[in-house]
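We name chains A, B, ... by the order of the sequence lines, and we start the count at 1 in each one. Because the structure is a prediction, the values reported are computed rather than measured.
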Protein chains: 2
Amino acid sequence: MLTAKQQQLLVFIQERLAENGVSPSFDEMKDALGLKSKSGVHRLVNALEERGFIRRMANRARALEVLKMPEKLSGTAASNVVAGNFGSAGPRSIPSRDDQGVEIPLHGRIAAGTPIEALENRDSFVSIPPGMLGRGNCYALEVSGDSMVELGILDGDTVVIESTDTARDGEVVVALVDREEATLKTLRRNGQFIELVPANRDYSTQVLEAKRVQVQGRLVGLLRQYH
Amino acid sequence: MLTAKQQQLLVFIQERLAENGVSPSFDEMKDALGLKSKSGVHRLVNALEERGFIRRMANRARALEVLKMPEKLSGTAASNVVAGNFGSAGPRSIPSRDDQGVEIPLHGRIAAGTPIEALENRDSFVSIPPGMLGRGNCYALEVSGDSMVELGILDGDTVVIESTDTARDGEVVVALVDREEATLKTLRRNGQFIELVPANRDYSTQVLEAKRVQVQGRLVGLLRQYH
DNA sequence: TCGGTATGTTCTCTTTTAGTTCACCTTTTG
DNA sequence: CAAAAGGTGAACTAAAAGAGAACATACCGA
């Protein structure tokens with residue numbers, strides 16, 4: 001599953017976390033691998049993240065988390081959660097995890113077809129597999145409406161959203177329009193405009209000036225329950 | 001199920017992964033099998049993937065993963081694991097539960113379009129929200145194929161199955177046909193016959209005598225991960 | 001609020017390693 | 001015998017990895 005370098009880095013990260021609970025910086029990883037530039041580390045970290053071995057928060061220092069280890073080494077696998085930047089502003093809680101799963105808050109419903117339903121804060125949580133986490137804070141929404149059925153997102157599904165204010169072309173995002181109406185749609189950039197594309201022939205694409213649209217998060221997972 | 005060469009290669013891959021957690025390259029596999037060209041290895045790897053013994057990430061180097069081993073060899077190779085909490089099978093057959101989540105075994109892939117894939121023996125688990133459990137024993141399968149897309153079940157999704165040998169009309173079930181071919185389909189009773197209905201216009205309904213069809217479980221949940 | 005320090009991110013270039021495909025031949029097996 | 005599996009070699013494409021620099025962001029303290 002891993003290349004030699006990826007494995008070497010993963011082991012190093014995991015050791016550092018076990019030793020002192022602080023994840024190494026890119027420079028430290030660079031030195032540990034005997035490199036002269038940290039861009040290579042960056043690539044390795046991305047590869048590990050892509051393969052589901054670690055998780056990280058974007059643009060946060062020393063915010064690596066080991067999700068699993070290759071089987072050979074699994075005896076030492078730990079679930080250290082460490083965020084750097086202690087004592088700074090913001091309630092930046094990384095969801096706690098144990099070996100079973102991760103709990104994330106359920107923030108209400110999102111009408112995939114029309115408007116928002118303001119985020120509520122009843123104490124409601126769902127647990128998801130650790131691998132389904134994105135990089136940042138995650139929360140869940142219940143899908144209402146059928147505008148995304150052609151992408152397999154049905155009315156009543158629970159979607160896992162990673163908080164972010166940026167998204168790449170083609171990603172499914174929670175988009176807030178005119179600061180009042182949130183929907184789940186595929187995002188497309190088109191010059192000055194942003195297109196919010198539904199996945200249902202009965203709905204049409206909204207084309208909006210970029211400034212009217214605010215990305216609130218991107219889709220990273222989906223849960224469905226059959227009755 | 002496997003040819004001699006396929007088996008030989010599978011064992012080699014599994015050994016390498018157990019030894020150092022790094023999957024072998026095509027060249028290394030070529031040497032291990034005493035070949036002079038790696039195109040043969042390519043064919044063998046494809047065969048193993050097609051039969052569900054391994055999984056690989058498309059266009060990634062050294063990204064092989066062993067999903068199961070032929071029955072007669074199971075256990076042999078994993079014996080290198082020292083004291084992992086991963087490799088040990090443990091008395092885990094009864095799903096442990098707490099308030100966080102539940103771990104259920106991942107039993108392999110099910111080709112929603114065509115044949116079965118025998119249950120494997122790797123200790124692989126996914127955690128799911130407690131509410132997603134059915135009443136009986138549950139396990140997970142990875143969906144392969146697109147025959148259920150119109151019900152929002154996509155290739156690569158993980159489905160949660162509750163073991164049962166009965167199902168009501170209209171439920172989505174894992175059905176074993178002639179004791180050898182399992183598929184995920186909507187079940188319909190029609191007098192003496194049972195219809196296995198796909199959710200994709202490109203596939204057609206199978207109509208079978210009731211005695212040829214055995215229900216193995218019913219669909220109770222679905223998980224999907226976006227990348 | 002400003003600027004400095006520490007960190008993370010991107011980009012371009014280069015080399016090395018690895019995966020894919022194709023045409024053609026040989027062996028095994030039902 | 002015919003079909004399937006296996007083997008060879010070469011050309012081609014793509015990914016992994018390393019370097020170095022510029023740039024962006026977060027944080028901290030004055």
Worksheet item: Any side-chain heavy atom of A/Arg224 within less than 4.5 Å of one from B/Arg224?
Response: yes

Practice prompt. Could you tell me whether B/Gly40 contacts a base, only the sugar-phosphate backbone, or nothing, with contacts defined as non-hydrogen atoms closer than 4.0 Å?
Written response: base

Please list each protein N or O that sits under 3.5 Å from an N or O in nucleotides 15-18 of chain C, with the distance.
from, atom 1, to, atom 2, distance (Å)
C/dA18, OP1, B/Arg62, NE, 3.0
C/dA18, OP1, B/Arg62, NH2, 2.1

Practice prompt. Check whether any side-chain N or O of B/His42 sits under 4.0 Å from OP1 or OP2 of C/dT20, and answer yes or no.
Written response: yes

Item to complete: Send over the distance from B/Leu10 CG to D/dG6 P, rounded to a whole Å.
Response: 13 Å

Discussion item. So for A/Arg43 and D/dA16, does any side-chain atom that can act as donor or acceptor lie under 3.5 Å from a complementary atom in the base?
Written reply: no

Item to complete: In whole angstrom, give the distance that lies between atom NZ of A/Lys30 and atom C1' of D/dA19.
Response: 11 Å

Discussion item. Between B/Ser39 and C/dC22, is there a contact of a side-chain N or O with OP1 or OP2 at under 4.0 Å?
Written reply: no

Practice prompt. Examine the base of D/dG18 for any acceptor or donor lying under 3.5 Å from a partner atom in the side chain of A/Ser37, and report the outcome as yes or no.
Written response: no

Response to the item:
Comparing nearest nucleotides in DNA chain D, the 5'-proximal residue of the pair B/Leu35, A/Leu33 is B/Leu35

Worksheet, complete the sentence: Looking only at heavy atoms, the pair that brings A/Leu64 and A/Ser23 closest together is N-OG, 3.4 Å

Discussion item. Could you check whether atom CD of A/Gln192 has more than 12 heavy atoms from other residues, nucleotides or ligands sitting under 6.0 Å from it?
Written reply: no

Practice prompt. Check the distance between D/dA15's C1' and A/Arg51's CZ and give it to me in whole angstrom.
Written response: 10 Å

Worksheet entry | Length of the CG-P vector between A/Leu9 and D/dA17, whole Å | 10 Å

Worksheet, complete the sentence: Atom CE of A/Met57 and atom C1' of C/dT7 are separated, to the nearest Å, by 15 Å

Discussion item. Could you check whether any side-chain N or O of B/Glu150 sits under 3.5 Å from a backbone N or O of B/Arg201, counting only pairs where one atom can act as donor and the other as acceptor?
Written reply: yes

Worksheet item: Do A/Arg51 and B/Glu65 sit within salt-bridge range, that is, some charged N less than 4.0 Å from a carboxylate O?
Response: no

Worksheet item: Whole Å only: how far is the CG atom of A/Leu44 from the C1' atom of D/dA15?
Response: 12 Å

Discussion item. As a test of understanding, state which of B/Thr186, B/Leu184, B/Leu222 forms a side-chain contact (heavy atoms from CB on, under 4.5 Å) with B/Leu151.
Written reply: B/Thr186

Worksheet item: Say you draw a straight line from OG1 of A/Thr205 to CD1 of A/Ile194; how long is it, rounded to the nearest 0.5 Å?
Response: 13.5 Å

Worksheet item: Rounded to whole angstrom units, what separation is found between the CG atom of B/Leu2 and the P atom of D/dA4?
Response: 18 Å

Worksheet entry | Whole-Å distance separating the CG atom of A/Asn59 from the P atom of C/dT9 | 5 Å

